[in-house]
Amino acid sequence: MTQNTVTRAQLSEAVYQEVGLSRNESADLVETVLDEISDALARGEMVKISSFGSFQVRQKGERVGRNPKTGEEVPILPRRVLVFRASHVLKNRINEVQDAVDAANARA
């Protein structure tokens, strides 16, 4: 499995190609959407994107962890973590693509 990363520039280019805005307008649109998502999450709101998934910030309490090298107990402070839950539509799409790749590899 390859480890490709989609960048902001690639998202902007995709918006440019699909929507027909200028490159600058496409980059601004992507920035605005990402900023709005980030701001909503920072306020503690859930962000749901239909047919994609939902992002939520959860509070984790303090707990005791262990240093794997020394075995020493170390307190892990309370913190907020970002959780993403993929929609069934996205999960199905991912599995369809993987099934197609698997079928192509089986024929080769």
Side-chain angles (χ1 to χ4, degrees):
M1 179 178 255
T2 60
Q3 295 292 328
N4 295 330
T5 302
V6 176
T7 65
R8 288 174 190 234
Q10 289 170 321
L11 289 173
S12 296
E13 185 64 22
V15 170
Y16 168 73
Q17 295 290 331
E18 291 293 320
V19 179
L21 297 174
S22 73
R23 281 195 164 88
N24 286 340
E25 290 171 328
S26 298
D28 289 344
L29 178 63
V30 169
E31 273 311 306
T32 301
V33 169
L34 294 176
D35 285 344
E36 188 59 35
I37 291 171
S38 298
D39 292 346
L41 291 168
R43 292 189 303 266
E45 298 173 12
M46 179 188 280
V47 175
K48 285 187 178 184
I49 301 173
S50 179
S51 300
F52 185 74
S54 60
F55 298 89
Q56 183 177 15
V57 176
R58 290 200 182 141
Q59 183 69 36
K60 287 191 132 184
E62 184 173 351
R63 64 186 175 93
V64 177
R66 271 187 210 283
N67 181 326
K69 283 189 177 181
T70 64
E72 176 187 356
E73 289 188 354
V74 180
I76 299 174
L77 300 176
R79 64 197 187 283
R80 293 169 53 174
V81 295
L82 179 62
V83 179
F84 173 73
R85 184 172 170 101
S87 73
H88 292 292
V89 174
L90 179 59
K91 288 179 186 178
N92 291 341
R93 186 169 182 184
I94 290 168
N95 287 324
E96 287 171 5
V97 170
Q98 187 59 47
D99 291 345
V101 169
D102 291 344
N105 289 338
R107 283 180 269 166

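Residue indices begin at 1 and follow the sequence shown.
Contact annotation: the side chain of K91 never approaches that of I94 to less than 4.5 Å [non-hydrogen atoms, C-beta and beyond]. Using a 4.5 Å cut-off on side-chain heavy atoms (C-beta onward), V30 and V15 make contact. Using a 4.5 Å heavy-atom threshold, the side chains of R8 and L34 count as touching. Counting heavy atoms from C-beta outward, I49 and F55 have side chains that approach closer than 4.5 Å. Contact of the R23 side chain with the S12 side chain is not registered, since no non-hydrogen atoms from C-beta on lie closer than 4.5 Å. Between L11 and V6, the closest side-chain pair of non-hydrogen atoms falls below 4.5 Å.
No side-chain donor-acceptor contact under 3.5 Å links S54 to the backbone of K48. Here the side chain of E25 pairs a donor or acceptor atom with the backbone of S22 at under 3.5 angstrom. A donor-acceptor pair under 3.5 Å is absent between the side-chain atoms of R63 and the main chain of I76, judged by distance alone. Judged by distance alone, with hydrogens and angles left aside, the side-chain atoms of Q17 form no donor-acceptor pair with the main-chain N or O of A14 at under 3.5 Å.
Interatomic distance, OG of S87 versus CZ of R93, reported as 10.5 Å (0.5 Å rounding). For the atom pair CD (Q10) and CG (N4), the distance works out to 8.5 Å, reported to the nearest 0.5 Å. Annotation: the span from R80 atom CZ to K60 atom NZ amounts to 14.5 Å, rounded to 0.5 Å.
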request  = Show the numbers, then the answer: is there a side-chain contact (heavy atoms from CB on, under 4.5 Å) between L29 and L21?
outcome  = CA-CA 9 Å; L29 178 63; L21 297 174; 4.1 Å; yes
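Counting heavy-atom neighbours within 6.0 Å of R58 CZ, excluding the residue itself, gives a total of 12 or less.
Taken together through direct or relayed side-chain contacts under 4.5 Å among Ile, Leu, Val, Met, Phe, Trp and Tyr, I37 and V81 form parts of separate hydrophobic clusters. The cluster map of Ile, Leu, Val, Met, Phe, Trp and Tyr, joined by side-chain heavy atoms under 4.5 Å apart, puts V83 and L41 in different clusters. In this structure, V64 is not a member of the same hydrophobic cluster as L77, with clusters built from ILVMFWY side-chain heavy atoms closer than 4.5 Å.
Not a single salt bridge (Lys or Arg N to Asp or Glu O under 4.0 Å) links E62 to another residue, sequence neighbours left out.
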